[in-house]
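Presented below is the structure to which this report refers.
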Amino acid sequence: TQQPRDPVGTVLPIIDSTQVYTPEQVEARILDCVARLEYGGMYERKVIEEAYATKMAYDLGNAKAHAARIGEGSEKDRIALALVDCEDMFHAMAKAEMMRKAVAATMHNLRAALNGYQSVLKSINGSLPYGGSPGMPRS
């Protein structure tokens with residue numbers, strides 16, 4: 001089974017649009033996008049779950065820290081001190097939220113790239129003779 005993986009990386013080189021490229025190259029990129037969307041979807045779910053869990057931990061930890069300081073100065077001071085008490089949890093929550101947004105943006109960009117590659121492939125196939133491919137140059 002597929003494992004959740006960060007969908008950012010690919011092993012395929014970018015197609016050089018200044019050179020002749022083949023339907024096979026574009027198809028490889030399409031398949032790469034599809035695979036990255038599949039395992040990236042599992043990764044995105046994992047990141048969302050982590051963002052939720054870190055937010056819950058921070059909210060509960062902050063509430064406990066704030067409650068423990070009742071009677072210690074103004075409300076504004078207690079809020080600040082509770083944040084300091086929960087600084088590590090706050091950083092973990094902020095990082096998890098950033099990752100959630102970054103992965104969502106990556107998944108969106110992969111879908112857009114997939115649409116682009118599908119359009120390019122349709123254009124290439126429309127320019128080829130029926131049943132043919134560019135193949136080897138004729139001598």
**OP:** Please identify each residue that fulfils side-chain contact (heavy atoms from CB on, under 4.5 Å) with S74, with sequence neighbours left out.
**Re:** K76, D77
Subject >> Contacts of D85 that satisfy side-chain contact (heavy atoms from CB on, under 4.5 Å) - sequence neighbours left out >> reply: A65, R69
Original post:
Roughly how far, to the nearest 0.5 Å, is NE2 of H66 from SG of C86?
Top reply: 11.0 Å
**OP:** Starting at CD of E27, measure out to CG of L31 and round the result to the nearest 0.5 Å.
**Re:** 7.0 Å
Original post:
Is the number of heavy atoms from other residues, nucleotides or ligands under 6.0 Å of I14 CD1 greater than 12?
Top reply: no
**OP:** Compare all side-chain heavy atoms of R29 with those of T10 and state whether any distance is below 4.5 angstrom.
**Re:** yes
**OP:** Verify the neighbour count for atom CE of M98: are there more than 12 heavy atoms of other residues, nucleotides or ligands below 6.0 Å?
**Re:** yes
**OP:** Can you sort out the partners of S119 under side-chain contact (heavy atoms from CB on, under 4.5 Å), two or more places apart, ordered by chain and number?
**Re:** none
Subject >> Least distance between heavy atoms, T54 atom then A96 atom >> reply: OG1-CB, 3.3 Å
Original post:
Nearest 0.5 Å, what's the CD1-CG distance between I79 and N62?
Top reply: 8.5 Å
Subject >> Heavy-atom pair with the smallest gap, counting every atom of P23 and I124 >> reply: CG-CG2, 3.5 Å
**OP:** Could you identify which residues cluster with F90, counting Ile, Leu, Val, Met, Phe, Trp and Tyr as linked when any side-chain heavy atoms lie under 4.5 Å apart, either directly or through a chain of such contacts?
**Re:** Y58, L83, M89, M93
**OP:** Rounded to the nearest 0.5 Å, what's the gap from OG1 on T106 to NZ on K101? Could you check?
**Re:** 14.0 Å
Subject >> Donor-acceptor under 3.5 Å (Q25 side chain, T22 main chain) >> reply: yes
List the atom pairs, with distances to 0.1 Å, where a side-chain N or O of residues 37-52 and a protein N or O form a donor-acceptor pair under 3.5 Å, not counting sequence neighbours.
{"residue": "Y39", "atom": "OH", "partner": "R5", "partner atom": "NH2", "Å": "3.0"}
{"residue": "R45", "atom": "NE", "partner": "E49", "partner atom": "OE2", "Å": "3.0"}

Subject >> Pairing residues for Y117 by the ring-ring contact (aromatic ring centres under 6.0 Å, His included) criterion, not counting sequence neighbours >> reply: none
Subject >> Connected via hydrophobic side-chain network under 4.5 Å: V34 and V103 >> reply: yes
**OP:** Side-chain contact test, heavy atoms from C-beta onward, threshold under 4.5 Å: evaluate it for Y21 versus V26 and give yes or no.
**Re:** yes
